[in-house]
Amino acid sequence: MTKFLRIALIVCGLAFPLFSQATAGNTVDGQGASWDLVIQNRKVFSFRSGLGSMTPKERLNLAMNRLAQMPPVEMLQPVNYTLAPEAVVVKVGESPLFSIAPGDLDSDIGQTLEDAAIRVQDSLTEALKAEVAQRNVRNIVHSSLKSLVAISIFVFIAGLFGRGARRARRKIIRLAVSMPKLPGSSAKAVSPFDPRRISVWLAILVRLAHYMFLLISTYLCVTYVLECFPYTQPWGDTLGAGMLRLLLSIGQSLLHGIPGLFAVAVIAFIARALTQLINSFFKSVERGETIIPWIHQDTAAPTRRIAVALLWVFAIVLAYPHIPGNQSIAFKSISVFIGLLVSFGSAGVVNQAMNGLAIMYARSFRNGDYVKIGEVEGTVSELSLLSTKLHTIRQEEIIIPNSVVIAQTTYNYTRILDEHGVGISTTVNISYDTPWRKVHALLKMAAEKTKGLAKDPAPYIIQVALGGVCVEYTLVVHMVEEPKLRQFVKSDLHQHIQDVFNQYGVKIMTPTYVDMEIPNTLPPDRWYDEPAERP
């Protein structure tokens, strides 16, 4: 690939003398159509008007013909001009090349004939020197050799730097693997100062430095190669001037931005100090160490987050005018783009956050409470602005969006836990041929056999409805155990209800269907049919 690149450069360098000495280009400016005289990729003059009986195009063709017949020795003679009443004659030595008419002047800047002649004198001198150099085969070969040497040096240094960067990354990785982990670090929680994490960042920095070096060195190499040849020298000058302007612009921006950066740093320092003060105050309220009448202990955490968010929004508003480049078009475009992203993408997030704040300030539940939200029952492990997490008895973590939480009925069994315990209710349907007093006695008997239920208040029964074929009884008991054991205690209660009703020959029915072929009772000798185990 390198050999092909070198051959291509030599061919291009030797082909440069075959280009036309001068080229014509038709352009349109504010004054109308113009014909440009271009010598070796350098614009010398623009013919905008006719002179005598000649059109601008004919004047350009005449200048090109005179330049094509001019020998290289004559091109090196001084360029001069002669002022005339109606035009300026531009000469190379004693040979006239073309004339400058009043209609060729740029009226927008108030240009005079003499100003135009002086400008043409400088540009034509430089263009003719490039023309002579381009016609010299020895000069082209010398330029080609210089460019090949520059490319070879660039390839050598780039390869050397690349090998060094790869070797450095390998050494960093080997060193990080050989170093022990910091105490307390694990696979899930890695300290920011862990050697492995630091090695990853160092490897990324080495790769970025490698890419930056390749980018800058390639730019400089291309600039130098273009400046070696007369025809491409304007392009190289443009690249070099562009790099210089960029460096000067960056330097000036850094110098002019120092006061603004200092102001931004001061605002950030003050905002951080106030954030620490706010966090300390509200955390003391959250722990119960400080009592404020208008701030409840449960709402201290969301109030702290809101206060900190408002503080930093205010700090950003104060710091924005001091950010370097805040008036630039690029900065404004990025600001508008970020604003659009936030506007279109944050509607759902804001809705969830507002619902989360409503739940927090309503103090419906907090972390550690045993609740039932809709059909999900478990212990609250996390209450955030966007969602609520529950741990169930099945060792599942259920994540419920706050918009769903606020739309569901929530039962908090921990909040109502007192000396009487948490209430549990269950419903059975018994046919009319069974005395209700017997049903009440059986339900109370099942409650007495269930462990974990309170004796005071005593269990009680409510006859909820009189159905078409059965009566609906609801047993209400109170549990003295932890609320998270509610499902297990309720399961034991259901087992004892089945046992007691079977023992006394009472059939538990559904409210809408009765199958007369099914035995009403289950004999005690079948209570422990296989695979059930006797106690």
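Throughout, numbering of the chain's residues begins at 1 and tracks the sequence. In what follows, every heavy atom counts, from backbone to side chain, and hydrogens, waters and symmetry copies are set aside.
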For this session: Evaluate the criterion side-chain contact (heavy atoms from CB on, under 4.5 Å) for residue pair Arg304 and Phe281; output intermediate values, then yes/no.
Result: CA-CA 9 Å; Arg304 172 176 58 85; Phe281 171 74; over 6 Å; no
Exercise. Given the rule in the side-chain contact (heavy atoms from CB on, under 4.5 Å) test, do Val206 and Ile172 qualify, once you have shown the distances and angles that lead to the verdict?
Worked result: CA-CA 10 Å; Val206 170; Ile172 290 173; 4.1 Å; yes
For this session: For the pair Gln233 and Glu227, evaluate side chain to side chain donor-acceptor pair (under 3.5 Å) and give the outcome as yes or no after the intermediate values.
Result: CA-CA 4 Å; Gln233 185 179 356; Glu227 289 182 345; over 6 Å; no
Problem set entry | Step-by-step side-chain contact (heavy atoms from CB on, under 4.5 Å) determination, Ser99 to Val90 | CA-CA 6 Å; Ser99 299; Val90 178; over 6 Å; no
Problem set entry | Verdict with supporting geometry, His391 and Glu396, side-chain contact (heavy atoms from CB on, under 4.5 Å) | CA-CA 6 Å; His391 281 173; Glu396 299 171 336; over 6 Å; no
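When side chains are defined from C-beta on, Thr392 does not count as touching Glu397, because their heavy atoms never get closer than 4.5 Å. Side chains of Ser144 and Val141 form no contact here, defined as non-hydrogen atoms less than 4.5 Å apart. With contacts defined as side-chain heavy-atom distances shorter than 4.5 Å, the pair Thr223/Met243 does not qualify. Side-chain atoms of Phe154 and Thr218, non-hydrogen and from C-beta on, do get closer than 4.5 Å to each other. Considering only heavy atoms from C-beta on, Val92 comes within 4.5 Å of Leu124 through its side chain. Residues Asn41 and Thr232 form no side-chain contact, since every pair of their non-hydrogen atoms from C-beta on lies 4.5 Å or further apart. Side-chain atoms of Leu113 and Leu105, non-hydrogen and from C-beta on, do get closer than 4.5 Å to each other. Between Leu226 and Thr238 the shortest side-chain heavy-atom distance does not fall below 4.5 Å.
The nearest pair of heavy atoms linking Ser49 to Arg59 is O-NH1, 2.5 Å. When every heavy atom of Gln408 is checked against every heavy atom of Gly374, the shortest pair comes out as OE1-CA, 3.5 Å. Closest approach of Leu37 and Ala63 over heavy atoms only: CD2-CB, 4.5 Å. Heavy atoms only, all atoms of each residue included: Leu67 and Leu97 are closest at N-CD1, 4.0 Å. For the residue pair Tyr231 and Gln134, the shortest heavy atom distance occurs at N-OE1, 3.4 Å. Contact between Pro230 and Asn139 at its shortest, heavy atoms only, is CG-ND2, 4.0 Å.
More than 12 heavy atoms of other shown residues, nucleotides or ligands fall within 6.0 angstrom of atom OH in Tyr320. Atom CZ of Phe213 has more than 12 neighbouring heavy atoms from other residues, nucleotides or ligands inside a 6.0 Å radius.
Rounded to the nearest 0.5 angstrom, Ile373 CD1 and Ile406 CD1 are separated by 11.5 Å. Once rounded to the nearest 0.5 Å, the distance linking CG of Leu145 with CD1 of Ile140 reads 11.5 Å. To the nearest 0.5 angstrom, Lys146 atom NZ is 9.0 Å from Phe229 atom CZ. Expressed to the nearest 0.5 Å, how far CD1 of Ile216 lies from SG of Cys221 amounts to 14.0 Å. From Leu390, atom CG reaches atom CD1 of Ile398 across 7.5 Å, with rounding to the nearest 0.5 Å. Note: Glu114 CD to Gln121 CD = 10.5 Å, rounded to the nearest 0.5 Å.
The main-chain N or O of Arg119 is found under 3.5 Å from a side-chain atom of Ser123 such that the two form a donor-acceptor pair. Judged by distance alone, the side chain of Asn80 and the main-chain N or O of Gly93 form a donor-acceptor pair under 3.5 Å. The closest donor-acceptor contact from the side chain of Asn136 to the backbone of Arg138 lies under 3.5 Å. Under the 3.5 Å distance criterion, the side-chain polar atoms of Glu382 are left unmatched by any main-chain donor or acceptor of Lys389. A distance-only check finds a donor-acceptor pair linking the side chain of Tyr219 to the backbone of Leu239 [under 3.5 Å]. Thr275 contributes a side-chain N or O that, together with a main-chain N or O of Ala271, makes up a donor-acceptor pair within less than 3.5 Å. Asp104 contributes a side-chain N or O that, together with a main-chain N or O of Ala101, makes up a donor-acceptor pair within less than 3.5 Å.
With hydrogens and angles left out, the side-chain atoms of Thr112 and Asp115 include a donor and acceptor closer than 3.5 Å. A side-chain donor from one of Asn402 and Thr388 sits under 3.5 Å from a side-chain acceptor of the other. Side chains of Tyr370 and Glu377: a donor-acceptor N/O pair is present below 3.5 angstrom, by distance only.
A salt bridge is defined here as a Lys NZ or Arg NE, NH1 or NH2 lying under 4.0 Å from an Asp or Glu carboxylate O, and Arg42 with Asp237 fails to meet this definition.
For an aromatic pair to be called close, the ring centres must be under 6.0 Å apart, and Phe47 with Phe98 satisfies this.
For the side-chain contact (heavy atoms from CB on, under 4.5 Å) with Val308, the qualifying choice from Thr303, Ile278, Leu274 is Ile278, the only one to do so.
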